[in-house]
Amino acid sequence: MTSNPFDSTTPQIAASILSADFSKLASEIAEVDRGGADFLHLDVMDGHFVPNISFGPAVTAATRRSTKAFLDVHLMITEPLRYAPDFLKAGADGLTFHCEVVQDSLAAVRELRRLGCKHVGITLNPATPVEKIFPALDEVDHVLIMSVVPGFSGQKFMPEALPKAEIVKKRLRPNQRLEIDGGIHQETIARARAAGVDWFVVASAIFDQKDRAAAIAALRKRLSAK
Ligand code: DX5
Ligand code: ZN
């Protein structure tokens with residue numbers, strides 16, 4: 001795995017542990033680590049912002065103890081600023097918050113930095129107009145485009161995410177990254193790449209497969225196919 005995905009400009013595949021078998025998390029992580037995933041994506045859900053509850057700082061810390069990989073923590077919670085210190089203490093490398101839950105997204109980015117977050121991301125639901133993230137765009141490290149309604153893995157890719165990705169990509173500097181999350185598999189990954197996406201979050205198309213290394217290799221092949 002990559003220790004810092006910002007060091008590379010090549011497309012990166014992030015394995016989302018939401019679809020891992022939590023009864024053997026360390027070996028699941030080791031498998032995708034060895035299998036060629038570039039970093040890990042952690043989906044934190046509070047049962048308020050999304051209709052599902054996943055895990056919090058304790059599992060983030062357990063993940064941290066299991067790997068040196070970059071931990072990209074996606075906070076699907078209504079109070080990201082309140083809980084950010086716990087996730088940073090647990091070993092998160094990057095924190096991504098939803099613009100829907102804050103009054104002032106630029107102020108939220110600045111507050112996350114003040115709390116010690118080195119890599120700050122902003123994201124938006126499929127129903128949220130892309131303009132909503134513009135005020136914070138200059139100061140974020142990455143933008144996450146949701147290509148499903150967040151809450152569960154294994155949902156169908158929403159193609160409406162692609163024009164959004166294109167709009168955001170045009171506004172990003174070369175040192176900022178564009179990430180996509182939801183419904184990414186062998187049939188959708190190249191379409192997202194063509195829209196300018198740098199980082200691809202994948203849960204079920206890796207963890208629901210018997211051979212995770214082969215699944216990651218197949219995704220990567222789609223990225224390089226012309
Ligand atoms: C969706 C989560 C995603 C999810 C992706 O609520 O934010 O990260 O794990 O799952 P797949 O890749 O199965 O669509
Ligand atoms: Zn996610």
Side-chain angles (χ1 to χ4, degrees), residues 5 11-22 25 28-29 32 35 37-56 59-60 63 69-78 80 83-84 87 92-101 119-128 133 140-162 164-165 177-193 197-210 212 215-216 218-220 222-223:
Q12 306 273 304
I13 296 174
S16 162
I17 64 166
L18 189 61
S19 289
D21 180 343
F22 290 128
L25 188 55
E28 294 281 89
I29 290 170
V32 295
D38 294 302
F39 62 96
L40 294 180
H41 181 86
L42 280 71
D43 286 306
V44 175
M45 304 180 183
D46 66 355
H48 290 277
F49 181 65
V50 289
N52 192 11
I53 300 175
S54 57
F55 54 79
V59 171
T60 304
T63 304
F70 186 93
L71 301 185
D72 170 38
V73 175
H74 176 192
L75 297 173
M76 284 164 273
I77 65 179
T78 53
Y83 292 103
F87 287 98
D93 293 299
L95 294 178
T96 301
F97 70 96
H98 273 263
C99 66
E100 296 87 358
V101 299
H119 305 286
V120 178
I122 190 166
T123 186
L124 71 170
N125 284 339
T128 303
I133 64 167
V140 294
D141 298 294
H142 60 287
V143 174
L144 172 61
I145 303 285
M146 289 310 302
S147 40
V148 295
V149 177
F152 299 90
S153 53
Q155 302 184 76
K156 196 169 176 287
F157 181 76
M158 297 171 72
E160 306 90 284
L162 296 173
K164 256 184 183 172
R177 299 289 184 269
L178 184 60
E179 183 176 32
I180 198 163
D181 186 2
I184 296 296
H185 51 68
Q186 282 190 49
E187 274 66 54
T188 51
I189 195 165
R191 288 163 69 196
R193 179 65 185 154
V197 173
D198 303 295
W199 295 352
F200 305 86
V201 175
V202 185
S204 50
I206 294 176
F207 283 105
D208 290 358
Q209 313 305 311
K210 222 169 160 193
R212 279 75 179 266
I216 295 164
L219 290 163
R220 215 179 285 285
R222 296 287 174 137
L223 284 173

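Read the numbers this way: they start at 1 and go in the same order the structure lists the ligands and their atoms. Predicted, not measured: the structure shown is a model, and the values here were computed from it.
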Location of contacts on Pro150 toward ligand 1, heavy atoms closer than 4.0 Å |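 Both the backbone and the side chain of Pro150 come within reach of ligand 1.
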
Ligand 1-proximal atoms of His185, by part, heavy-atom distance under 4.0 Å =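 Under 4.0 Å from ligand 1, His185 contributes no heavy atoms.
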
Among protein heavy atoms, which lies nearest [atom], and at what distance?
| atom | value |
| --- | --- |
| atom 1 (C) of ligand 1 | Phe152 O, 3.6 Å |
| atom 13 (O) of ligand 1 | Ser204 OG, 2.5 Å |
| atom 6 (O) of ligand 1 | Gly151 N, 2.7 Å |
| atom 14 (O) of ligand 1 | Gly183 N, 2.7 Å |
| atom 5 (C) of ligand 1 | Asp181 OD1, 3.5 Å |

Do any nitrogen or oxygen atoms of [X] come within less than 3.5 Å of a nitrogen or oxygen of ligand 1?
| X | answer |
| --- | --- |
| Ala203 | yes |
| Asp43 | yes |
| Val148 | no |

Short side-chain to backbone donor-acceptor contact, [X] and [Y], under 3.5 Å:
| X | Y | answer |
| --- | --- | --- |
| Asp198 | Leu178 | yes |
| Asp93 | Leu71 | yes |
| Glu100 | Asn125 | yes |
| Ser147 | Phe157 | no |
| Asp38 | Ala14 | no |

Is Ala205 in contact with ligand 1, taking contact as a heavy-atom separation below 4.0 Å?
->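 Checking ligand 1 against Ala205, which is what was asked, there is no heavy-atom contact under 4.0 Å.
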
For the Zn ion (ligand 2), which N, O or S atom of His41 is at the shortest distance?
->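 Minimum-distance N/O/S atom of His41 relative to the Zn ion (ligand 2) is NE2.
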
Name, closest N/O/S atom of Asp43 to the Zn ion (ligand 2) |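 Per the distance ranking, Asp43 contributes OD1 as its closest N/O/S atom to the Zn ion (ligand 2).
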
Centres of the His119 and His142 rings: under 6.0 Å?
->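 Ring centroids of His119 and His142 are no less than 6.0 Å from each other.
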
Of all the heavy-atom pairs spanning [X] and [Y], show the shortest one and how long it is.
| X | Y | value |
| --- | --- | --- |
| His185 | Gly183 | CD2-O, 3.3 Å |
| Ser153 | Ser19 | OG-OG, 2.8 Å |
| Ile216 | Ala37 | CD1-N, 3.7 Å |

How far does CD1 of Ile17 sit from CZ of Phe207, to the nearest 0.5 angstrom?
->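 Output value for this atom pair is 7.0 Å.
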
Mark up the atoms of ligand 1 that fall under 4.0 Å of a heavy atom belonging to [X], in ascending order.
| X | value |
| --- | --- |
| Leu18 | 9 (O) |
| Met45 | 6 (O) |
| Ser16 | 8 (O), 9 (O) |
| Gly182 | 14 (O) |
| Val202 | 12 (O) |
| Val201 | 8 (O) |
| His74 | 7 (O) |
| His41 | 8 (O) |

Give, rounded to 10 degrees, the angle between OD2 (Asp181) and ND1 (His74) as seen from the Zn ion (ligand 2).
->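 Nearest ten degrees: 90°.
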
Would you mind telling me which of Arg193, Glu187, Arg191 makes a side-chain contact (heavy atoms from CB on, under 4.5 Å) with Arg222?
->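 Among Arg193, Glu187, Arg191, the one meeting side-chain contact (heavy atoms from CB on, under 4.5 Å) with Arg222 is Glu187.
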
Assess whether side chain to side chain donor-acceptor pair (under 3.5 Å) is satisfied between Asp72 and His74, documenting all intermediate values.
-> CA-CA 6 Å; Asp72 170 38; His74 176 192; over 6 Å; no

Aromatic rings His98 and Phe49: how do their planes relate, parallel, tilted or perpendicular, breaks at 30° and 60°?
->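 Rings of His98 and Phe49: tilted, as their planes differ by 30° to 60°.
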
